[in-house]
Amino acid sequence: DLRALSILGIYNMDQGQFGAARIMFEKALEKHKGEAGLYNNIGVILLREGNLESALLSFKEAYQINSGNKAVQANLGSIYVKYMDYVEAEPLVEDSYSRMGDNDIVANNYAIILRTQGQYEEAKKVYEKALARDSRNISTNLNYAILLVEYMKNYEKARQIVNKIEFLNPTDRYVVNKVRELQRKVAAARWCIIRR
């Protein structure tokens, strides 16, 4: 039964039991090959396991079955953004944002796409709207700080955001290193302004 296996798979996925979840979804696929949601869920499991390449293939399969599925669009768009393939990501992310603008991951991806198009003010508005919903989201704060420092040269506002990220005490090594890098850039920019 597709519905029962899907519910069990999602339950196991939520419990962090990815192996059991994958078994449920793959069992459902044996009789329901045309279900985009099953491929999408397997893709999510692969993502959580750090298998980006296989997740991409699973999301592509889901997209071929149902290109209008908003979860599939959002997940496939996220992978393309992660791989910095902004040309492929753009239509998926824009469509996802129009349908799921209150999702932090979708909003982050959309702001990144806007940034790559040079639409910095629009990207800033997307980040601010997302942070109004969840001011403690480390990923949104980090991407906002990157926009402010590296593209808009708004060092004063960036300093506030970077300090907030540090206060949130991130544990991810990439985030910690990126925050340090942004702090150095903000400090160097402020030093240059003071010396003028």
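Residue numbers run from 1 in the order of the sequence given.
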Original post:
Does the side chain of L46 come within less than 4.5 Å of R22's, by heavy atoms?
Top reply: yes
Subject >> ring-ring contact (aromatic ring centres under 6.0 Å, His included): pairs with one or both residues in residues 108-134, sequence neighbours excluded >> reply: Y97-Y110, Y120-Y151, Y127-Y144
**OP:** Report yes if some heavy atom in the side chain of I105 is under 4.5 Å from a heavy atom in the side chain of S78; otherwise report no.
**Re:** yes
Original post:
Backbone N or O of S54 within a donor-acceptor pair of the S58 side chain at under 3.5 Å?
Top reply: no
**OP:** Decide, yes or no, whether a salt bridge links K125 with E121 under the criterion of side-chain N to carboxylate O below 4.0 Å.
**Re:** no
Original post:
Should R133 and D104 count as an ion pair when the cut-off is N to O under 4.0 Å?
Top reply: yes
**OP:** Among Ile, Leu, Val, Met, Phe, Trp and Tyr joined by side-chain contacts under 4.5 Å, find the other residues sharing a cluster with M24 and list them by chain and number.
**Re:** L5, L8
Subject >> E122 and Q117 side chains, donor-acceptor separation under 3.5 Å >> reply: no
Original post:
Among pairs that include at least one residue of residues 67-96, which meet ring-ring contact (aromatic ring centres under 6.0 Å, His included), considering only residues two or more places apart or in two chains?
Top reply: none
**OP:** Could you list all the side chain to side chain donor-acceptor pair (under 3.5 Å) pairs where at least one residue sits in residues 31-41, not counting sequence neighbours?
**Re:** N40-N75
Original post:
Do any pairs count as a ring-ring contact (aromatic ring centres under 6.0 Å, His included) and have a residue in residues 5-26, sequence neighbours left out, and if so which ones?
Top reply: none
Original post:
Roughly how far apart are Q183 CD and R159 CZ, rounded to 0.5 Å?
Top reply: 11.0 Å
Subject >> Residues L56, L76; criterion side-chain contact (heavy atoms from CB on, under 4.5 Å); working and verdict >> reply: CA-CA 7 Å; L56 175 62; L76 186 55; 3.6 Å; yes
**OP:** Check which hydrophobic residues are tied to V87 through side-chain heavy-atom contacts below 4.5 Å, counting indirect links as well, and list them.
**Re:** none
**OP:** Indicate yes or no for a side-chain donor-acceptor contact from K164 to the backbone of S135 under 3.5 Å, with no hydrogens or angles considered.
**Re:** yes
Original post:
Do L52 and V93 share a hydrophobic cluster (ILVMFWY, side-chain heavy atoms under 4.5 Å, transitive)?
Top reply: no
